[in-house]
Amino acid sequence: MTTETIPTVAADDNQIITERRNKLAAIRAAGVAFPNDFERKNLAQTLHDQYGEKTHDELEALQIKVAVAGRMMLKRVMGKASFATLQDMSGRVQLFLSNDGVGEAEHTAFKHYDLGDILGAVGVLFKTKTNELSVRVSQVRMLTKSLRPLPEKFHGLADQEQKYRQRYLDLITNQDAREVFKKRTKIIQAIRDFFIRHDYMEVETPMMHSIPGGASAKPFETHHNALDMKMYLRIAPELYLKRLVVGGFEKVFEINRNFRNEGLSTRHNPEFTMLEFYEAYRDYRYLMDFSETLIREVAQKVLGTTLISYQGKELDLGKPFHRLTMVQAVQKYHPQFSDAQLNDRDFVINQLKDLKAKHRPTDGLGGLQLSLFEELAETKLFEPTFIIDYPVEVSPLARSSDSNPQITERFELFVVGRELANGFSELNDAEDQAARFDAQVLAKDAGDEEAMFKDNDYVRALEYGLPPTAGQGIGIDRLIMLLTDSASIRDVILFPHMRAE
RNA sequence: GGGUCGAUAGCUCAGUCGGUAGAGCAGCGGACUUUUAAUCCGUUGGUCGCGAGUUCGAAUCUCGCUCGACCCA
């Protein structure tokens, strides 16, 4: 910055902000208003960890000098002495200031500091008479003047919209929000560790695709100016990851963003984080065992237990996950239906009509069973359940079953009534894949906006030979919702998508 | 897209039957040298989301719009 103009105090509609701007102007007039030479040497939590158990007398004998910095969250002024609570990335620590300690002039200046100001303080550790570890301050400095008042100190930020739009305020004031996002980071770290330990290679594949593929979803479109071509934000990394398996990277994974041009809900954000992994010489049965282990280990590592509570209901991720076909899942909650009935096209169609459920009457039996499953069972699957044997018509990238060509070696995992993962033995028959793509193109031409495009290079890759491979995607945001007991996906995404203000 | 609920001081919230706006926190002034959401006294601060309508009079009733939460599609 080369400007030397001193900003003037701006007129503001809020008297509190005006007052703070005036204070800042006075600080500017007195010298450097935004000093960056304060050396923070200690974190609040580290001090509690190291010295929290020491007695008053032990600390007096040790005379431990500390330099802490952070945002002032609470302030209690009592004439010739004051207390303040400083918050840093690790936690909080109390400051004690007095005329004796910092001098009358500095203490008087401190009395006009505001909640939200960022301070640096040096001093000596001691215990108050209520046995709280505190810093007896010998010097306190304003490092950053805060111009806007914080949300009310006791209730914090309550307005849901403001929590999402101004996440920084949510994080400043709300311990629970901070904990959720710290856990998010730990969960992703634990997943990464798990795959690396199992000899997987982490890769990055394109976010911008010329042919969107790997899932049935509407893509976001954009345009590449220099090449003058339409591009799409990816809806899934699947086809690129399998190209890598063709290339000989036999165990790969990617944790990254997908983009889907769909509505918003408590379970959907237009950009969301997906884990996808592929392993050669494995099948979908191996994947189910593997993902059970993964989820169990992540819970154990991050939460210290596999016993979790979600929205008031208990759940043990340590127990074996259920495995059911769609028909079995429907029967679990509606035992009045017989196998014969659920395998009768007309019967299933009539049930769907009675339920006023969306379905395509042109679908095969499998597609209709899927619609019935979604209507009658999906949201009831609270305990982890793999639903297996998905119909081939809705699984254009999955290997069909050798015993029944109408179904695929595919599963989806449901927990707390929500889809969490999708995996299958990969279709590695290039000619079959080409035919499945062609069927998708026909569906797209017939108006199915979510049908897939044909990716000729992907077919070409398969023609070189994809080993028998199993692959899976896990919705990371939903997994984090599960492990942090969050009701909405917006509560686990730092900056969820919102309408423009 | 449909339904329900919500939007009042910087924040958290009251606001009766339609009668001209309230509290706590924060701020400002004062008291106070071990407080813990400090306390006590005094005090400033409002486009009642936006726009129409009804009415002598609207935060309040009606309609439309914007934004959000939840449910449904």
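Here the structure is a predicted model, which means the values were calculated and not measured. Residue numbering restarts at 1 for every chain, and letters A, B, ... go by the order of the sequence lines. Below, each value reflects all heavy atoms present in this structure, side chains not excepted, and no hydrogens, waters or symmetry copies.
- Under the ring-ring contact (aromatic ring centres under 6.0 Å, His included) criterion, the residue pairs touching residues 77-109 of chain A are A:Phe83-A:Phe96, A:Phe96-A:Phe126, with sequence neighbours excluded.
- In terms of the salt bridge (Lys or Arg N to Asp or Glu O under 4.0 Å) criterion, residue partners of A:Glu449 (sequence neighbours excluded) are, by chain and number, A:Lys218.
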Give the B/S/- string for nucleotides 38-44 of chain B, one per nucleotide from 5' to 3', where a protein heavy atom under 4.0 Å of the base yields B, of only the sugar-phosphate yields S, and otherwise -.
B-----B

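- Listed by first then second residue, pairs satisfying salt bridge (Lys or Arg N to Asp or Glu O under 4.0 Å) with a partner in residues 42-71 of chain A read A:Glu60-A:Arg136, not counting sequence neighbours.
- Listed candidates were B:rG27, B:rU35, B:rC11. Nearest to the side chain of A:Leu157 is B:rC11.
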Below 3.5 Å is the cut-off: list the nitrogen or oxygen pairs between protein and nucleotides 67-69 of chain B, distance only.
unit_1 : atom_1 : unit_2   : atom_2 : d
B:rC67 : O3'    : A:Arg165 : NH2    : 3.0
B:rC67 : O2'    : A:Glu161 : OE1    : 3.2
B:rC67 : O2'    : A:Glu161 : OE2    : 2.5
B:rG68 : OP1    : A:Arg499 : N      : 2.9
B:rG68 : OP2    : A:Arg499 : NE     : 2.7
B:rG68 : O4'    : A:Glu161 : OE1    : 3.2
B:rA69 : OP1    : A:Arg490 : NE     : 3.3
B:rA69 : OP1    : A:Arg490 : NH1    : 3.4

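- Closest approach to the A:His112 side chain among B:rG29, B:rU33, B:rU35 is made by B:rG29 (side chain taken as heavy atoms from C-beta onward).
- Relative to the side chain of A:Glu152, the nucleotides B:rC11, B:rG10, B:rU33 differ in distance, and B:rC11 lies closest.
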Review item, nucleotides 13-15 of chain B N/O atoms under 3.5 Å of protein N/O:
none

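- Sorted by first then second residue, the salt bridge (Lys or Arg N to Asp or Glu O under 4.0 Å) pairs that include residues 170-183 of chain A, not counting sequence neighbours, are A:Lys163-A:Asp170, A:Arg167-A:Asp170.
- Among residues at least two apart or in separate chains, salt bridge (Lys or Arg N to Asp or Glu O under 4.0 Å) pairs with a member in residues 371-383 of chain A are A:Lys319-A:Glu383.
- Legend: salt bridge (Lys or Arg N to Asp or Glu O under 4.0 Å) pairs involving residues 260-276 of chain A, not counting sequence neighbours, sorted by first then second residue: A:Arg257-A:Glu271.
- Scored by the salt bridge (Lys or Arg N to Asp or Glu O under 4.0 Å) test, A:Glu221 finds A:Lys230 as partners (sequence neighbours excluded).
- Applying the ring-ring contact (aromatic ring centres under 6.0 Å, His included) rule to pairs touching residues 31-51 of chain A yields nothing, sequence neighbours excluded.
- Pair check for B:rG1 finds B:rC72; Watson-Crick or G-U wobble, both atom distances under 3.5 Å.
- Among the nucleotides B:rU12, B:rC28, B:rU34, the one closest to the side chain of A:His155 is B:rU12.
- Screening residues 307-316 of chain A for side-chain hydrogen bond (donor to acceptor under 3.5 Å, both in side chains), with sequence neighbours left out, gives A:Thr306-A:Asp316, A:Tyr310-A:Arg418, A:Gln311-A:Asp485.
- Phosphate proximity of B:rG27 to A:Lys111: absent, as no side-chain N or O sits under 4.0 Å from OP1 or OP2.
- Under the 6.0 Å cut-off for aromatic ring centres, A:Phe321 and A:Phe411 do not qualify, their centroids lying 6.0 Å or more apart.
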